[in-house]
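Notes follow the structure.
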Amino acid sequence: MSARPDSREYPRWDADKVYRVLCSKYPDAAWKQRHFRSPFQILILTILSAQTTDRQVDAIADSLFSRYPDSAALASALTPELEGIIHSTGFFHAKARHIMGASRVLHETFGDKVPDDMASLLTLPGVGRKTANIVLYHAFSKNEGIAVDTHVRRLANRIGFSSSQDQDRVENDLMELFPEGSWGHLTDVFIAHGRRCCMARGPLCEQCPISCYCAFFKKR
DNA sequence: ATCCCGAGGG
DNA sequence: CCCTCTGGAT
């Protein structure tokens, strides 16, 4: 079955303790967008956030949603105009296709309502497991999985929770290690740590509260 | 130069 | 597993 070593014989790290330590370090880790965005807006902004900073996406959010307030409007958008609005977030050709396609499916198949289950979300163009997990948790408070972005993957790789580069495998490795009800919040906490401490370059290992468990730290 | 709260395709 | 797609921030 699992190639994961038995934690009683190989106590390399204590997953539960790592999670608790990070929770106390980042009590405000929740992604702010969920506090005032609708499911539709969370979906679109999450698609747009691929390989971009959230600041760059926030910067164009108001002009995007005042021009296209719902999925019906976005489904019939003119590509050049839409691309002009989202241009600064990068990958704008693909992103315009994705959010228009997703809006069209929402309009024609889901009655202009964002579905709240994984299988339906994955039928939307531009929505993979990462985006679906973000929407499920932040728009519907559902813990169906862990959203694996570059921060979560890097953190999981470094500490030794997963050795895979594949998002789905990293997610499965993490889901085996952490209790089901924690997955949504765990995503936010891991991302917070990846951004503020366990950065790609120049990680702040000296002030990292879980470096004692970290395979990457021991090797440097 | 290198990375960013990725998806789709090979 | 790999690659490509893009602009902006650092």
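Throughout, a chain's letter reflects where its sequence line sits, starting with A, and its residues are numbered from 1. Note that these values count all heavy atoms, side chains included, but never hydrogens, waters or copies made by symmetry.
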- Query: Of the nucleotides B:dA7, B:dG6, C:dG8, which has the atom closest to the A:Thr150 side chain?
  - Reply: B:dG6
- Mind checking the P distance from B:dG9 to C:dT6? Whole angstroms is fine. 14 Å
- Reckon A:Val127 touches a base, only the sugar-phosphate, or nothing at all at heavy-atom distances under 4.0 Å? sugar-phosphate
- How many Å lie between CZ on A:Arg154 and C1' on B:dC5, as a whole number? 11 Å
- Message: Is A:Gln167 close enough to B:dA7 that one of its side-chain N or O atoms is under 4.0 Å from OP1 or OP2 there?
- Response: yes
- Task: Write down the distance between OH (A:Tyr137) and P (B:dC5), rounded to a whole number of angstrom.
- Result: 18 Å
- What integer number of Å spans the P atoms of B:dC5 and C:dC5? 22 Å
- Query: Starting at the 5' end of DNA chain C, which residue's closest nucleotide do you reach first, A:Phe92 or A:Arg55?
  - Reply: A:Phe92
- Phosphate OP1/OP2 of B:dG8: any A:Arg129 side-chain N/O under 4.0 Å: no
- Query: Taking 4.0 angstrom as the limit, do A:Arg153 and A:Asp149 come out as a salt bridge?
  - Reply: no
- Note on the structure: From CG of A:Leu48 across to P of B:dA7 the rounded distance in Å is 12 Å
- Nearest whole angstrom, please: distance from the P of B:dT2 to the CD of A:Gln51. 15 Å
- Task: Report yes if some heavy atom in the side chain of A:Leu45 is under 4.5 Å from a heavy atom in the side chain of A:Phe65; otherwise report no.
- Result: yes
- Give a yes/no on whether any side-chain N or O of A:Arg195 is located under 4.0 angstrom from OP1 or OP2 of B:dC4. no
- Note on the structure: Per atom distances to the A:Ser164 side chain, the nearest of B:dC5, C:dC1, B:dG8 is C:dC1
- Message: With a 4.0 Å cutoff (strictly under), does any side-chain N or O of A:His151 reach OP1 or OP2 of B:dC4?
- Response: yes
- Sugar-phosphate, base or nothing in reach of A:Thr52, heavy atoms under 4.0 Å: base
- Is any side-chain N or O of A:Arg201 closer than 4.0 Å to OP1 or OP2 of B:dC4? no
- Integer-rounded Å distance: B:dG6 P and A:Ile47 CD1: 13 Å
- Note on the structure: Walking DNA chain C from its 5' end, the first of A:Thr53 and A:Asp166 to be reached, judged by nearest nucleotide, is A:Asp166
- Message: Any carboxylate oxygen within less than 4.0 angstrom of a Lys/Arg side-chain nitrogen, looking at A:Glu81 and A:Arg67?
- Response: yes
- Select base, sugar-phosphate, or nothing to describe what A:Thr131 touches, counting heavy atoms under 4.0 Å on all strands. sugar-phosphate
- Message: Would you measure the distance from the C1' atom in C:dC1 across to the matching atom in B:dC4 and give it in whole Å?
- Response: 22 Å
- Flag yes if more than 12 heavy atoms outside A:Arg154 fall under 6.0 Å of its CZ atom; otherwise flag no. yes
- Give the rounded distance in Å between these two atoms: NE2 of A:His93 and P of C:dT6. 5 Å
- Task: Starting from P on C:dG8, measure out to CD1 on A:Ile86 and report it in whole angstrom.
- Result: 13 Å
- State, without any angle test, whether A:Lys95 and A:Thr52 hold a side-chain donor-acceptor pair at a distance under 3.5 Å. yes
- Under 5.5 Å between ring centres and under 30° between planes: does that hold for A:Phe91 against the base of C:dT6? yes
- Looking only at atom P, what distance separates B:dC3 and C:dC2, rounded to whole Å? 15 Å
- Task: Indicate whether the side chain of A:Asp188 and that of A:His138 have a donor and an acceptor atom separated by less than 3.5 Å.
- Result: yes
- Message: Could you tell me how far apart A:Arg37 (CZ) and B:dC5 (P) are, to the nearest whole angstrom?
- Response: 16 Å
